[in-house]
Amino acid sequence: MSDYVLELKAITKEFPGVKALDNVHFNLKAGEIHALMGENGAGKSTFIKVITGVHLPNKGDVYLNGEKVVFHNPKEATKVGIAAIYQHVTNYPDLSVTENIFMGHEKIKKSTRKIQWKEMHADAKALLESLGSDLNPKTEMGSLSVAKQQIVEIAKALSANAKIIIMDEPTAALTHRESEELYKITERLRDEGVAIIFISHRFEDMYRLADRVTVLRDSQYIGTWDVDGISNDKLVVAMVGREIKQLFPEKQVLIDEELLRVEKLGQAGMFKDISFTLHKGEILGITGLVGAGRSELCQALFGIEPYDEGAVYFEGEKVTIKTPADAVNLGIGYLPEDRQTQSLILQWSISQNITLSSLDKISHKGWLNNQEERKMSKTLAEQVGVKTNSIFNLASSLSGGNQQKVAVAKLLTKDLKVLIFDEPTKGVDIGARSSIYQIMIDLASEGYGIIMISSEMPEVIGLSDRIAVMCEGRITRFLDKDQATQEAILEAAMSKQTSKSQVV
Amino acid sequence: QQTGGSNEDNSGDSGSEGNDGQRHAVIFKSTGNPFGEKLMEGFETAITEAGDEAILRAPDQPTVEGQIQIIEELISQQVDSITIIGNDYDGLQPVLTKAMDRGIKVLSADSAVNGASRLVHINQADPEAIGRIQIEAVAEMIDHEGQIAILSATSQASNQNLWIEWMQTELEKPDYENIELVEIAYGDDLRDKSVSETEALLQSYPDLKAIIAPTTVGIAAASKVISDKGLQGEVVVTGLGLPSEMAEYIENGVSPWMYLWNPIDLGYLAGYAAKALADEEISGEVGDTFEAGDLGNFEVTETEDGTEVLLGDPFKFDPDNIDEWKDVY
Amino acid sequence: MESNLIRYVSKFRELGLLGFIIILAIVIQFLNPAFLTLGNLSDMLKNTAILCILALGMMLVLVTRGIDLSIGATLALSGMITALTVSAYPGLSPFLAILLGIIVGSACGVILGLLVSKVGILPIIASLGLMNAFRGMTFWVGGGDWVSAYQMPDSFKGIATSNILGINTLVFIAIIIFLFFYYFVNNTITGRQIYALGSNPDSAKISGINANKVYMLVYTLMGGLSGLAGVLWVSKFASSQGDTASGYELTVIAACILGGVSINGGVGKVIGVLLGAFLLGVLDNGLPLINVSPFWQMGIEGVIILVAVLFNTEIKKKVEKNNRLRRVI
Amino acid sequence: MSTRTINNVQNFSWKRFMLQWEWMLIALIIIIFIVNSSISPYFLNFTSISDATMTFLDKAFIVFPMVMIMIMREIDISVGSTVALASVVMATTFNAGLPMELAIVVCLLVGALCGFFNGFLLVKYRELSAVIVTLSTMILYRGIAYMILEDQSSGGFPSWFSYFGWGYIGPIPFILLLFVILAIGFALLLHKTVFGRQVYAIGSNTTASRFSGVKVDRIKLIVFTLAGVMAAITAIFLTARMGSTRPNVANMYELDVIAMVALGGISTAGGKGKMLGAILAVFVIGYLQYGLGLINIPAQMLLIVIGVLLIASVTVTNLRVKGKFKTSSKSDSKEKVS
Ligand SMILES: Nc1ncnc2c1ncn2[C@@H]1O[C@H](COP(=O)(O)OP(=O)(O)OP(=O)(O)O)[C@@H](O)[C@H]1O
Ligand SMILES: Nc1ncnc2c1ncn2[C@@H]1O[C@H](COP(=O)(O)OP(=O)(O)OP(=O)(O)O)[C@@H](O)[C@H]1O
Ligand SMILES: [Mg+2]
Ligand SMILES: [Mg+2]
């Protein structure tokens, strides 16, 4: 018997043109939480997929409890007790939450093979409750926000009673409070003897949870350490290959004239009584719990969804924004929270993605100019630091973080004045994150007004000039930079002081 | 408007004078229609008897467009004659004119095309006679009294519409004053639609005595409905039907008798007419005569629009003769 | 509690459709009192049974993001083969005839399933190709000929006219199939896998769902049902021809889509499909009953279908909006 | 910040070039020509080959917008009915005393209106699929045609009008010339303009397109209207060829058109395919039919051959580059926002 429940030796995985994993080693002990870290595109997700049998490795072996195993598909892995929450949604939007949770291991009556709906709904409800969620298990998956879908994914992994659970960036879409719930569950599982692989770009997660950490860089194995035995700086160097001195760059506060003013904005069932102003050069952070309605608010400002009441003033003039095109014409840009479905066209090249929202700039009288397109996309891809070798590579071949950089690059093609970033660093590695922060600060100093929706406390506190905290569709508090502490934000985010009146 | 080109030289050597190796084409409305299969069979027999080659064509849907395409293909092949069973009276005129310009003899049969697009029409029966005979039949079946309805094919079918007009004219005679034509329904020559329409007629007119269906699909569908509902004797069906399809209902009394011409003979006659035209034995003028094999001699006569050759009166199928015909067509 | 009722009703997505059918029925009844009579309703059920059977199969195909345009041709082919067989062996038990039809249909379905799953051709292309091929084969096995009522034994024709437990056999078979589908789709793992696959094929792979197996299953099932429908069709109309049920696939797809099945996959309910088929059934049965010009029927049908679709959507929107408004902020 | 340089020159790849579906279609056309001329002595002469185009090009005009529609992951099955309605209205207005030139304009307007109405319904009711909308209007438009002409046919056009169906410019049929010009125009529109790029974007990911400021609704409206206009052009050619018209013309044209577009390599899953493919497919099917017609193959055999060809040609390519042509996931097809 080996000491390790899971061991991978000398794994190499090549995709056409890319070596995603190059001679990677890894081992996992029973009852430990093992963090897997590395830059975007380092190969973490690919590594996970090799473990679960989504991909077959080109070289190298997988040992489960000391025995060599080969999984040809994820079901085989599930059968022997390996469950995974993948980074990108792998759910069934048209099916109920219950079905999503139990897909592949439905409860059936032995004699008739009839599906036991009652039991499954009840179990699903219990599972969700243990995750601190009051979701109705009969809800359709597709109608849930990304964060809630993530919770369901976790419930799904739990439901399989796995011995090894792999979580690929489970906290990316979660706020502080929900992350806390997840920590508790993860720890409980560990205490029950489950081995857990945890991938995250948040150092917070790693310190809070992990016993050991393995770092990958550029598809290569860098090393494995005890979390207590390695300093933060050293870990960053291991991951990025260089030092990052200051994650949140200094920003000179030069808040200028008013750009955008929102007065008593409301949309039935979504948000109400929203008033704020945004100035040139200002970064306004909007935070709150998942489902507080932050995305809806910003999408209303961007013309995706209508608003029923209130008014929007842009540069002092009252405006009506009915379509995204209206918003863009005024000078408002939006970085959606779900890059895969709302921002990128995955089967397109990086270059075509970058230019999509500003085709008029690379065309003359409607005719596309390929030369211009290449020049523009190369410049911008380099500016945001997309890790790729050619702008003709498909967006789908990029890692999550790099996809996000492409999405940011899209915004930079246009002449905008107000930028709305919805969870701009969701799933983005520390290196890229610092460059996205730098980009945001630079843009603010150039005079852009920036609204940033974020669930990450450090980011909200570190970047914003002002913070609006939302709770159940209303802004419960504004905090200035110097007042902003985790406690103050959390308190405001959970305050029920606003009455539970009916919004019609 | 045609540029002649290389085509002209070719047509010279495969010209129409010799008797050897002529090719005669017939184009029916669409494939899979029992009536059409038999008609083409008769045509082929006639042409083979004459020692020539018969080309049997039909589009897969009963459309003008499909027939235009086939005619174009036949023009390219420089056939000697084209016999068309038209899907439209006027719509084939341009392409048939082109065929005639290229020296191909064009005639129509069964369902006519207009006088300018053909040399002669082979008519199965006189429309007036067809209309009259069905009214006479129905009157006899219901003792000159009661409600009747007509179940036609599509509202577009020009020959059907013509017959129905003649039926209505006939009904104006005092002989039929107690017969009331309550409705003309259209089953579109679809089995399911014809059944629904028949059922609707029965629901709407509980006193209905008879249904006339001058279409092979309609008459079979209507008879089926009457049989299934056990209304034999209460509602009678007559019209134009295929003996094979109607044998069952003539035997069980739903349809005491009905009519049709013989499609094989019709095709046979058309074949001989095509041959005679190609041999320039006749030109399609009034008074021309030719011999049509076993069927004897025929004469070209005048009509409102062009000239025609008349096959004869529709044939009556009743319990006495149906057995010998049901296996024929 | 009343909110429970509201919640239940609001979950029922085809509420608008049901409402529309009721309104339509009332209007037709007002125009012709013969509509809501026992006799007429039973005619309507009989005529809608085959459509229901096919639409249920098509629902599963659509749910997997597929489509099957070949069902009309499959129906014709299996109907023709069965008809030829029973006319050659009149002693054949009707059960065996049905079985034969199902086998022929399933074989057609298997071919399509293989093309879609193993070869990976898009369903629309594969089934379009097979539609042509099967239709051609129907003409070919029939030798261009047709099978009529008198050639079919009474036992075979009896399939469509007999009763089981006082219910017409066609309707009875449709009910059985409906119940089977209801159970299969809601209460079996395989049934749910069909929906999962249609909802997200990539995740289905990760969940270990064998996509090819599911594709094979739904297309074979669809083929089998088409085969069954072929036998029922031929028995009902007592006639089998090359062009049987030509174009019927569009009617079937229309029934599904009216019933709320999404062609983007993953969505579709048996009840909805049933309602969709009923709407078409009411139209087919009701329009001939209200005395409009036959030339206006199609236009009216188009308007009614369009209004039904929009009406249903508006109702859904309203319900969703209400749900949203009841949320507390 | 570590700025790496990113390559922006695309190397020419023979493999990628040769793996294009269009080569398959070109090979098919060559094979069809060789087979046709060996089985029929009438095929290989200039008149035949150019006359043949007149028989199959009329409906091919609808192929252009249908390519765009299917790339947008939509479909339009009302085009056949639009042809019928446009044709009937043209004939009726002409016979009601309108000059033919104006009747033609009316025909185009009716086509545009039909297409616009489809587009309008789709844009207004985003949750409806194009299949259901155009299925309804398919019945409706033909229904209106029936209301107008009932069982009549309508014709008697001035003689110059027949030029559309039968005229030549030099040795080349007018219809072929117009087809080639429009083909080039549409190919440029789809592949070289902002508009075309946005069409692909909508088909690949509608939500992302909307978020990127693409005027999704407007583009859909335009493309569907174009489909109506092209159907009207088909109506003009078809009517000219028949010299008269009826409400039941152009029956099932939609399926023929969709078959051509599908054979042309445009995936119904959206976002993929080229105009050239569909144009080549028009000639593949057209010449195949014509060639088989010249040896008088029965219609049922023709059906089998075309069916088998459609499947076989797609199969061959699928086996050769399995996976290459497979459609990717439609992560966004539900168009749900947030
Ligand atoms: N299916 C694929 N085809 C081609 N290349 C791929 C594929 N999947 C991943 N890659 C490439 O493999 C490399 C590793 O990607 P992977 O998704 O494993 O990164 P990651 O470490 O999970 O990044 P992130 O933190 O952003 O999620 C990247 O360069 C990516 O572009
Ligand atoms: N009480 C509720 N009942 C049903 N649905 C809800 C409820 N609260 C929120 N939702 C759903 O959640 C979504 C609102 O969450 P939204 O994504 O706007 O929140 P957010 O504050 O932007 O959070 P994040 O961006 O972190 O996901 C909407 O899609 C809404 O339908
Ligand atoms: Mg990853
Ligand atoms: Mg959000």
Side-chain angles (χ1 to χ4, degrees), chain A residues 89 93-94 142-143 145-146 240-242 295-296 299 302 304-305 323-325 327-329 334 336-338 340-348 350-352 355-360 363 366-368 374-375 377-378 381-383 385-392 396 410 414 431 434-435 438, chain D residues 1-13 15-16 73 123 126 188-219 267 269-272 323-324 326-338:
Chain A
V89 275
D94 305 303
S143 69
S145 65
V146 185
V240 218
R242 68 192 156 92
S295 299
E296 263 76 12
Q299 286 175 7
F302 189 61
I304 301 274
E305 309 246 349
T323 64
V328 170
N329 282 341
Y334 179 65
E337 66 182 318
D338 186 350
Q340 294 227 326
T341 62
Q342 297 170 337
S343 181
L344 298 185
I345 296 179
L346 292 174
Q347 61 270 39
W348 277 18
I350 296 170
S351 159
Q352 288 181 319
T355 54
L356 176 61
S357 45
S358 48
L359 289 171
D360 49 328
S363 59
W367 296 93
L368 288 172
R374 286 175 203 178
K375 229 165 65 195
S377 44
K378 177 184 158 78
E382 283 173 0
Q383 188 182 335
V386 181
K387 191 173 159 191
T388 184
N389 51 26
S390 161
I391 56 163
F392 299 108
S396 59
K410 269 179 80 171
K414 291 177 287 193
S434 80
S435 45
Q438 188 64 56
Chain D
M1 209 196 288
S2 66
T3 34
R4 53 163 78 210
T5 40
I6 300 172
N7 193 358
N8 71 346
V9 187
Q10 194 165 28
N11 295 327
F12 180 79
S13 146
K15 197 171 157 213
R16 191 170 50 225
R73 212 194 285 127
V123 166
R126 272 185 209 161
L188 288 177
L189 178 66
L190 183 60
H191 298 299
K192 295 283 173 211
T193 67
V194 171
F195 184 82
R197 176 72 68 85
Q198 291 179 333
V199 165
Y200 277 100
I202 293 170
S204 304
N205 186 338
T206 316
T207 312
S209 306
R210 221 183 274 283
F211 274 80
S212 303
V214 173
K215 291 177 177 144
V216 176
D217 291 350
R218 191 160 85 178
I219 290 176
S267 150
K272 279 195 190 147
K324 276 262 150 68
K326 282 223 167 150
T327 52
S328 65
S329 73
K330 48 124 213 201
S331 42
D332 63 306
S333 65
K334 312 282 149 138
E335 232 200 278
K336 269 178 190 144
V337 174
S338 182

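Proteins come first, then strands; the chains are lettered A, B, ... in the order of their sequence lines, and each starts at number 1.
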A/S351 versus chain D, the contacting section by heavy-atom distance below 4.5 Å: neither
Set of residues satisfying side chain to side chain contact (heavy atoms under 4.5 Å, CB included) with respect to A/K375, sequence neighbours excluded: A/E372
Top contributor to chain D contacts, counting heavy-atom pairs under 4.5 Å, from A/S377, A/P324, A/G366: A/G366
Close side-chain approach of A/T323 and D/K215, heavy atoms under 4.5 Å: no
Heavy-atom side-chain contact between D/V214 and A/L356 under 4.5 Å: yes
Partners passing side-chain hydrogen bond (donor to acceptor under 3.5 Å, both in side chains) against A/S357 (at least two apart in sequence or in another chain): none
Residue pair A/W348, D/R197: steps toward the side chain to side chain contact (heavy atoms under 4.5 Å, CB included) verdict: CA-CA 11 Å; A/W348 277 18; D/R197 176 72 68 85; 3.7 Å; yes
Contact class of D/L189 relative to chain A, heavy atoms under 4.5 angstrom: neither
Separation between CD of A/Q347 and NZ of D/K272, rounded to the nearest 0.5 Å: 7.0 Å
Donor-acceptor contact present, side-chain D/N205 to main-chain A/T341, <3.5 Å: yes
A/Q299 and D/F211, any side-chain heavy atoms less than 4.5 Å apart: yes
Gap separating the OG1 atom of D/T207 from the CG atom of A/L344, nearest 0.5 angstrom: 12.5 Å
Chi angles and distances behind the side chain to side chain contact (heavy atoms under 4.5 Å, CB included) call for D/Y200, A/I345: CA-CA 10 Å; D/Y200 277 100; A/I345 296 179; over 6 Å; no
For A/A325 against D/G213, the heavy-atom pair lying closest together: CB-O, 4.0 Å
Between OG on residue D/S212 and NZ on residue A/K414, distance to nearest 0.5 Å: 6.5 Å
Any side-chain heavy-atom pair of A/L368 and D/K192 under 4.5 Å: no
